[in-house]
Trainee: 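Before anything else, here's the structure in question.
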Protein chains: 2
Amino acid sequence: MALAHAILATLMDRPYCGYDLRKRFEGSVGFFWQASFQQIYRELKKLEEQGLVHSEAIAQESRPGKNVFAVTAEGEAFLQTWIETPCEMAPLRDDLQVKMFAGFVVPRETILMELQHHQAMHQERIAVYHQIEQNAFANPEQLPEKDLFRYLTLRGGIQYEMGWLTWCEAAIAFLTQHSASAIDP
Amino acid sequence: MALAHAILATLMDRPYCGYDLRKRFEGSVGFFWQASFQQIYRELKKLEEQGLVHSEAIAQESRPGKNVFAVTAEGEAFLQTWIETPCEMAPLRDDLQVKMFAGFVVPRETILMELQHHQAMHQERIAVYHQIEQNAFANPEQLPEKDLFRYLTLRGGIQYEMGWLTWCEAAIAFLTQHSASAIDP
DNA sequence: GTTGACTAATCAATTAGTTGAATATAAGAT
DNA sequence: ATCTTATATTCAACTAATTGATTAGTCAAC
């Protein structure tokens, strides 16, 4: 039940209504934990039943009213307990690795194109991350407590993408070299 | 419905019974796609209904009989079509990144310990991968077609783990340096 | 001779995630 | 006037994944 923790972690930043929470799960938080609005609303309901968050209905002129959710004291304790409990490495479930594993059933060119596609996507993602880094964390040495952890999370995203990018490049090079000799024996 | 593809990819190697398939999903294949035996048996049933695999009951003396599954021609075509269809980057869902994001709600020491824990796990995993690399792919330049893709899949695992390891090390260094100045202003 | 481990598979219950639609208000564009 | 976009939320149906128990035979160890 880790979505609950991701929501609590986000609400620790500041209270959000479901709609705004969901927007965070597309952008920043969504880079390491995604959830649809249906999931988020369902989970918020459950969290409120458990007393880990509480909501306040806020009426707005010229907008539909909204329910703003905030973490309760119990919610924060719950989150702390979870963080203190050691966890396993996140399991991988990667389509591209499955494709690579069975790569011999398609022409070499197919795999190469897919690798180039992924190389480009990882490069783009890294560019986005670098943009955020420059905008929000230009001076990592002098960040306030909270932003320091945001910064390290971002660095995690960058390293993760770098790992995949490095692999794409190496795999393309390897397959390119070895396809020539395979076609021309 | 990506488990189906992972199963077909594995069965392209050679036919397996459910039990042996599941063992592959703990070991090698499990490094990039995990599934429980319940999931595997359920999916095999579905794949057979769709005509993508077919099974053969094999009686064994001194062992329970087993059903050995093999990919049909339609199954292979189905797998090929899937591989040819470009896919998105695998979405991340990482507990440790969520913990880092909300790291300010626990003592600095807690996060450092968890990072060290993960650092050790990634190092261990990399050691396992390097062992496999030495045993099975000592001469990557001269691999037969099939093994070449296995080798690249393994390299993917290594790069992925290296990304996380690099990050753990950097984050530990960063937090260690910045905790000293925070405690001693 | 019983306990534990390995092979081989199935069933039931629950939780989590995806897909698609529906509802309501209001601002801005064509 | 209507159409799209944005805000804000809910419901229903379905697929996928996890958890736990159950059956049943063989083999080796204690």
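Keep in mind it's a predicted model, so treat the numbers as computed, not measured. Chain identifiers are assigned alphabetically (A, B, ...) following the order of the sequence lines, protein sequences preceding nucleic acid strands; residue numbering begins at 1 within each chain.
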Trainee: Can a side chain N or O of A:N67 be found less than 4.0 Å away from OP1 or OP2 on D:dA8?
Mentor: no
Trainee: Quickly work out the A:I40 CD1 to C:dT18 C1' distance and round it to whole Å.
Mentor: 13 Å
Trainee: Can you give each donor-acceptor pair under 3.5 Å made by side-chain atoms of residues 75-85 of chain A, sequence neighbours left out, with the distance rounded to 0.1 Å?
Mentor:
unit_1: A:Q80; atom_1: NE2; unit_2: B:V105; atom_2: O; d: 2.8
unit_1: A:T81; atom_1: OG1; unit_2: A:A77; atom_2: O; d: 2.9
unit_1: A:T85; atom_1: OG1; unit_2: A:T81; atom_2: O; d: 2.7

Trainee: How long is the line joining OH of B:Y41 and P of D:dT22, in whole Å?
Mentor: 19 Å
Trainee: Would you say the side-chain atoms of A:E114 pair up with the backbone N or O of B:C87, donor to acceptor, closer than 3.5 Å?
Mentor: yes
Trainee: I'd like to check the salt bridge (Lys or Arg N to Asp or Glu O under 4.0 Å) partners of A:D95; sequence neighbours left out, ordered by chain and number.
Mentor: none
Trainee: Nearest-Å distance, NE2 (A:H5) to C1' (C:dA16)?
Mentor: 14 Å
Trainee: What donor-acceptor contacts under 3.5 angstrom involve side-chain atoms of residues 43-55 of chain A, with partners at least two apart or in another chain?
Mentor:
unit_1: A:E48; atom_1: OE2; unit_2: A:S55; atom_2: N; d: 3.1
unit_1: A:E48; atom_1: OE2; unit_2: A:S55; atom_2: OG; d: 2.8

Trainee: What pairs with A:E109 under side chain to side chain contact (heavy atoms under 4.5 Å, CB included), at least two apart in sequence or on another chain?
Mentor: A:L112, A:M113
Trainee: Among all residues two or more places apart in sequence or in another chain, which pass the salt bridge (Lys or Arg N to Asp or Glu O under 4.0 Å) test with B:E26?
Mentor: B:R22
Trainee: Please name all residues satisfying ring-ring contact (aromatic ring centres under 6.0 Å, His included) with B:F101, sequence neighbours left out, ordered by chain then number.
Mentor: A:F32
Trainee: Whole angstroms only, please: what is the CD-P distance between B:E88 and C:dT18?
Mentor: 14 Å
Trainee: For A:W167, which residues count as a ring-ring contact (aromatic ring centres under 6.0 Å, His included) partner, sequence neighbours excluded?
Mentor: A:W164
Trainee: Rounded to whole angstrom units, what separation is found between the NZ atom of B:K66 and the C1' atom of D:dT26?
Mentor: 14 Å
Trainee: Which parts of nucleotides 11-19 of chain D does protein reach within less than 4.0 Å, heavy atoms only, written one letter per nucleotide 5' to 3' as B for base, S for sugar-phosphate only and - for none?
Mentor: B----SBBB
Trainee: What parts of residues 17-28 of chain A reach DNA chain D, counting only heavy atoms under 4.0 Å away?
Mentor: A:C17, A:G18, A:Y19, A:D20, A:K23
